[in-house]
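All values below were derived from every heavy atom in this structure, side-chain atoms included, with hydrogens, water molecules and symmetry-related copies excluded. Residue numbers start from 1 in every chain, and the chains themselves are labelled A, B, ... in the order their sequence lines are given, proteins ahead of strands.
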Amino acid sequence: MIRTRFAPSPTGMLHIGGVRTALYSWLYAKRHGGVFILRIEDTDRERSTDEATRVILEGMEWLGLHADEGPFYQSQRMERYREVLEQLLAQGHAYRCYCTKEELDAMRVRQLEAKQKPRYDGTCRHRTEPRPGVDPVIRFKNPLEGVVVVEDEIHGNVRFDNAELDDLIIARSDGSPTYNFCVVVDDMDMNITHVIRGDDHLNNTPRQINMLLALGARPPRYAHVPMILGADGAKLSKRHGAVSVLQYRDDGYLPEALLNYLVRLGWSHGDQEIFTLEEMIRLFDIKDVNKSASTFNPDKLLWLNQQHIMRSTPEHLVKHLKPQLAALGIDVDDDAKLAAVAKSQQERAKTLKEMAQNSVFFFREPAAYDEKAAKKHLTQDSLTPLQEAAERLAGLTSWTAQSIHETIQSLATELSLALGKVAQPIRVAVSGGSVSPPIDVTLEVLGRQTTLERLRRAIDFIAANQQ
RNA sequence: GCUCCCAUCGUCUAGAGGCCUAGGACACAGCCCUCUCAAGGCUGCGACGAGGGUUCGAAUCCCUCUGGGAGCGCCA
């Protein structure tokens, strides 16, 4: 049974880099009928925040990356870590180190100056007596010789010399366990079979393998996925506008579109660009993931969002459109009308937010006409077409896009006008601007009464402007 | 500095020795379609980092260099 996990730490906002790792882990588990686990790595009580935890939980929920087990919190497993710490100490795989921070800092400076890699020199390895006045940390006794081979699903075999590694701290002087140690204990206890994470962790892996081995556990399979870089080529962070994943929700992105974008960053299936969630699960394989880092491209995400909007059912769009309309102060319960609006707009909106903004006129009379649009289309010349249109539309027996279209079309023909000369004034009259779905569809969705009211108002507007 | 990773259009990628005058997508430009905006169609622009090998033949294999990234915390 395949068991994967996503283990974010709530010290920063969950951003797209994290989401992609989560997605890969989730897809891998789903693809193989395995289990996906969510684990919150909050051992750093200083920097962890409830807000960040909330974003992780809410983000995963919004994306639909549901965990089969968890969320587990490392902060609630302290007892277990202490137990394993004791075990390591008792077995001689770990020792107490009484070197002070000041001594360690000095050592680091010295090594850096000597152009060496900064690392702990093992001073306390053989210390038998405590040092008065110093609360010791606990270090893992890393093997001094030999090599560790990380058999990575993406990078292949990566070899590390134990001589390059030092004895890392696994418990702070206050007794609390550190990240690299907790990860090892958790992955072991939770029977994780595949660790899928960012390749910034590749360097930590040999130490983790050594600890696993010391604990008598069998290391999991590893897959270090390439990172997502900012436009400047550096690791994604706040200064790249690496915003919370929830920002994408608020900006009107469909979760499946974001997932689609992310899955294609570092992975591909021939020339296919658009994937449904089902296709991702069926086609994704960790072995097909690229080795090289990639750069986030907002334009392509936007395009994919539009593609997914176009392919969605109106009903699905309604679910995501409602909050966007609500943000504009429009609370509508008429799902049928909302669906009709979504359907009319889905081919011309890149985001749901944009769709909402462009759909306000369906629910609320425009406060004012767009100045340029009014100047161009609500003119003396359009008075007759508008009046005629109002009259004929008022007399229609059935209010459908087709009958409306025929009415406007024949009106234009009779007046020897291009269709645009009739349609545009009507568009401005009912929507307030020069952009909307096809005029027949727009009027149909708007309804006869509202249409006639707004035509009337536009006619009055032109008349008033004349004087 | 040391260790590790990576290297095809501006960006995401296809390519696993001959199918490559390197394909697709986003973006950009032009044209077509058209009641607006879109969508769609067509065309254009545009890349194998450099140098050595191996081979009849290399984007594909090997080496060196260069460039980029990551790690080297009592952060995760």
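Salt-bridge formation is not detected for the pair Glu83(A)/Arg77(A): no Lys NZ or Arg NE/NH1/NH2 atom is positioned less than 4.0 Å from an Asp or Glu carboxylate oxygen. A salt bridge links Asp174(A) to Arg45(A): at least one charged side-chain nitrogen sits closer than 4.0 Å to a carboxylate oxygen.
Nearest nucleotide to the Leu112(A) side chain, out of C5(B), G1(B), U36(B): G1(B).
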N/O contacts under 3.5 Å, protein versus nucleotides 65-67 of chain B?
none

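Judged by Watson-Crick or G-U wobble contacts below 3.5 Å, the nucleotide C20(B) has no partner. Across all strands shown, U11(B) is found opposite A25(B) as a Watson-Crick or G-U wobble partner, with both distances under 3.5 Å. The partner of C33(B) cannot be assigned: no Watson-Crick or G-U wobble pair with both contacts below 3.5 Å exists in any strand.
Ring-to-base geometry places His201(A) in a stacked arrangement with A76(B) (centre distance under 5.5 Å, plane angle under 30°).
The aromatic ring centroids of Phe461(A) and Tyr369(A) lie less than 6.0 Å from each other.
Contact annotation: Lys350(A) side-chain N/O to A39(B) OP1/OP2 distance is under 4.0 Å. Within the structure, a side-chain polar atom (N or O) of His155(A) is placed less than 4.0 Å from OP1 or OP2 of C6(B). Considering only side-chain N and O atoms, Ser294(A) lies nowhere under 4.0 angstrom from the phosphate OP1 or OP2 of U11(B).
Arg348(A) places its CZ atom 12 Å from the C1' atom of G40(B), with the value rounded to the nearest Å. One interatomic measurement links the two molecules: CD1 of Ile169(A) to P of C72(B), which rounds to 12 Å at whole-angstrom precision. Taking atom CG of residue Asp200(A) and atom C1' of nucleotide C72(B), one finds them 13 Å apart after rounding to whole Å.
If you take atom P in G67(B) and the same atom in A29(B), they sit 35 Å apart, rounded to whole Å. Using atom C1' as the reference point in both C33(B) and C42(B), the two lie 11 Å apart (nearest Å).
Within the nucleic acid shown, Asn290(A) comes within 4.0 Å of sugar-phosphate atoms alone, with no base atom in reach, counting heavy atoms only. Using a 4.0 Å heavy-atom distance criterion, Glu41(A) is classed as a sugar-phosphate-only contact. Nucleic acid contact for Phe160(A): sugar-phosphate only, since backbone atoms but no base atoms lie under 4.0 Å from a heavy atom of the residue. The residue Asp166(A) sits apart from the nucleic acid: no heavy atom pair falls under 4.0 Å. Asn180(A) comes within 4.0 angstrom of a base, heavy atoms only. At the heavy-atom level, Val158(A) lies under 4.0 Å from the strands shown only through sugar-phosphate atoms.
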